[in-house]
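Report on one structure; see the data block that follows.
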There are 2 protein chains.
Amino acid sequence: MRPMAERARAQLRAEALDVAEELVVAGRFGMPELASRLGVSRQTLYNEFGDRHGVTSALVLRSTERFLDGIEAALAGERDLHAAWVAAVAAALHRAADEPLLKALLTGDSDVLGAEPIVVAARDRAAAYLRRTWPELENVDLAAETAARLTVSHIGLPLAPPEVIAEQVATVVVRTCARR
Amino acid sequence: MRPMAERARAQLRAEALDVAEELVVAGRFGMPELASRLGVSRQTLYNEFGDRHGVTSALVLRSTERFLDGIEAALAGERDLHAAWVAAVAAALHRAADEPLLKALLTGDSDVLGAEPIVVAARDRAAAYLRRTWPELENVDLAAETAARLTVSHIGLPLAPPEVIAEQVATVVVRTCARR
DNA sequence: CCGTAGACAGATTGCTGAAGAGTGTCCAGA
DNA sequence: TCTGGACACTCTTCAGCAATCTGTCTACGG
């Protein structure tokens with residue numbers, strides 16, 4: 001396949017997922033609607049994504065990757081372990097508040113997928129980052145999973161402002177993995 | 001009101017909630033059905049509970065109180081702080097697995113109520129118990145809320161056997177509140 | 001080769017009206 | 001004090017039907 005065609009394909013995929021996200025959030029997602037909004041034929045979508053589920057799963061995949069990238073960037077943006085977790089949790093809370101699709105995934109208000117893949121992926125990426133950046137820590141896997149679960153819990157059931165939540169989760173996580 | 005009548009009332013309430021729980025779990029809850037299964041008139045139920053919502057909320061209240069009583073008993077049954085939390089979390093996991101109504105409440109698969117009242121009540125009772133029994137601990141409220149949220153998270157999304165989960169949650173909670 | 005338009009059967013969804021059941025309240029009677 | 005029955009109202013259920021959507025195929029055009 002020639003570079004130009006490939007670039008066009010990637011561009012189409014990206015634009016398709018953008019529009020698909022709008023439609024899913026609006027509750028109007030469908031292949032005919034998506035095709036007409038993109039100005040392409042329905043058949044082109046089937047060629048690119050296989051079927052309807054191919055579109056939705058690609059959309060979920062992209063959303064979770066962006067979500068986790070944002071969290072890892074926040075984690076990496078601070079030198080202090082506690083500050084890093086405050087930033088990461090705050091980033092997660094704000095992103096979940098901004099993106100309805102993400103919040104639906106994390107709280108289970110969706111027919112697409114459950115929260116499990118995101119929690120597992122977040123745990124694994126956070127644990128890998130911790131091991132890479134602070135090798136002297138202990139209980140790294142437990143701390144990472146705790147961070148993921150507590151954050152998701154606070155997204156679904158917020159009892160305090162995001163800054164307070166971030167501070168609390170960071171405290172728990174740091175005390176879990178800090179050597180004493 | 002005479003003692004006998006009062007005892008009869010309490011007995012009716014208890015039996016009504018027993019049957020109501022069966023019916024809710026079976027998805028067949030209704031006032032006519034409940035009355036006929038109890039052998040009383042519909043009117044008696046309305047006199048006792050006010051309305052349909054009065055029955056369901058009384059049922060939820062009883063379930064959560066039993067649930068929290070069981071957890072607090074498990075907490076109080078061990079001398080070591082870590083062992084106490086292992087026992088408490090394990091008790092919560094097993095109870096949630098056994099009682100469909102409870103699990104539906106905690107995972108949000110219910111039209112009755114959300115998990116918020118249970119989480120808040122569990123947090124408050126656990127915090128009070130900790131303060132009473134181990135006055136030297138720090139971060140007591142944070143530790144109690146963490147225990148509640150992590151346990152609920154593991155009920156809705158179990159990734160390990162109950163014993164492992166209980167051990168992990170206990171480790172996090174103890175490290176959160178243990179003075180170093 | 002690649003995308004489009006159109007057609008197609010089968011499945012899914014939305015609607016609508018009728019029937020039934022449930023809710024909450026009242027009252028007469030045991 | 002509880003019961004049985006009656007009541008108006010709402011809510012769910014269900015069948016049938018129309019519309020739409022899905023996934024695939026084919027013919028056409030740059």
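Worth knowing before you read on, the calculation uses all heavy atoms, side chains too, and leaves out hydrogens, waters and symmetry mates. Just so we're on the same page: letters track the sequence lines, and every chain starts at 1.
- For the pair B:D51 CG and C:dG22 P, the computed distance is 17 Å after rounding to whole Å.
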Q.
Is there a side chain to side chain contact (heavy atoms under 4.5 Å, CB included) between A:L81 and A:V173? Walk through the geometry before answering.
A. CA-CA 10 Å; A:L81 180 61; A:V173 172; over 6 Å; no
Please table the atom pairs, donor to acceptor, closer than 3.5 Å between any side-chain atom in residues 85-98 of chain B and protein atoms at least two apart or in another chain.
{"unit_1": "B:H94", "atom_1": "ND1", "unit_2": "B:A90", "atom_2": "O", "d": "2.9"}

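- If you measure from atom NE2 of A:H53 to atom P of D:dT22, you get 14 Å, rounded to the nearest angstrom.
- Looking at residues 15-23 of chain A, you'll see that no heavy atom sits under 4.0 Å from any atom of DNA chain C.
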Q) What is the per-nucleotide protein-contact pattern of nucleotides 2-7 of chain D, from the 5' end, where B denotes a base atom under 4.0 Å from a protein heavy atom, S denotes such proximity for sugar-phosphate atoms only, and - denotes neither? A) SB--B-
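- In this structure, A:Y46 atom OH and C:dC8 atom P are separated by 18 Å, rounded to whole Å.
- For DNA chain C, none of the residues of residues 24-36 of chain A falls under the heavy-atom distance limit of 4.0 Å.
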Pair up each side-chain donor or acceptor in residues 25-39 of chain B with any protein partner under 3.5 Å, not counting sequence neighbours, and list the distances.
{"unit_1": "B:S36", "atom_1": "OG", "unit_2": "B:E33", "atom_2": "O", "d": "3.1"}
{"unit_1": "B:R37", "atom_1": "NH2", "unit_2": "B:E22", "atom_2": "OE1", "d": "2.9"}

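- Tested against B:V172 for a side-chain contact (heavy atoms from CB on, under 4.5 Å), the candidates A:L150, A:N139, A:V172 yield a single pass: A:V172.
- Rounded to a whole Å, the CZ atom of A:R52 is 12 Å from the C1' atom of D:dT20.
- A:R179 and A:E136 are not joined by a salt bridge, as no carboxylate oxygen comes within less than 4.0 angstrom of a charged side-chain nitrogen.
- For A:R125 and A:D69, the salt-bridge test passes: some basic side-chain N is under 4.0 Å from an acidic carboxylate O.
- Under the rule for a side chain to side chain contact (heavy atoms under 4.5 Å, CB included), A:P135 has no partner lying at least two apart in sequence or in another chain.
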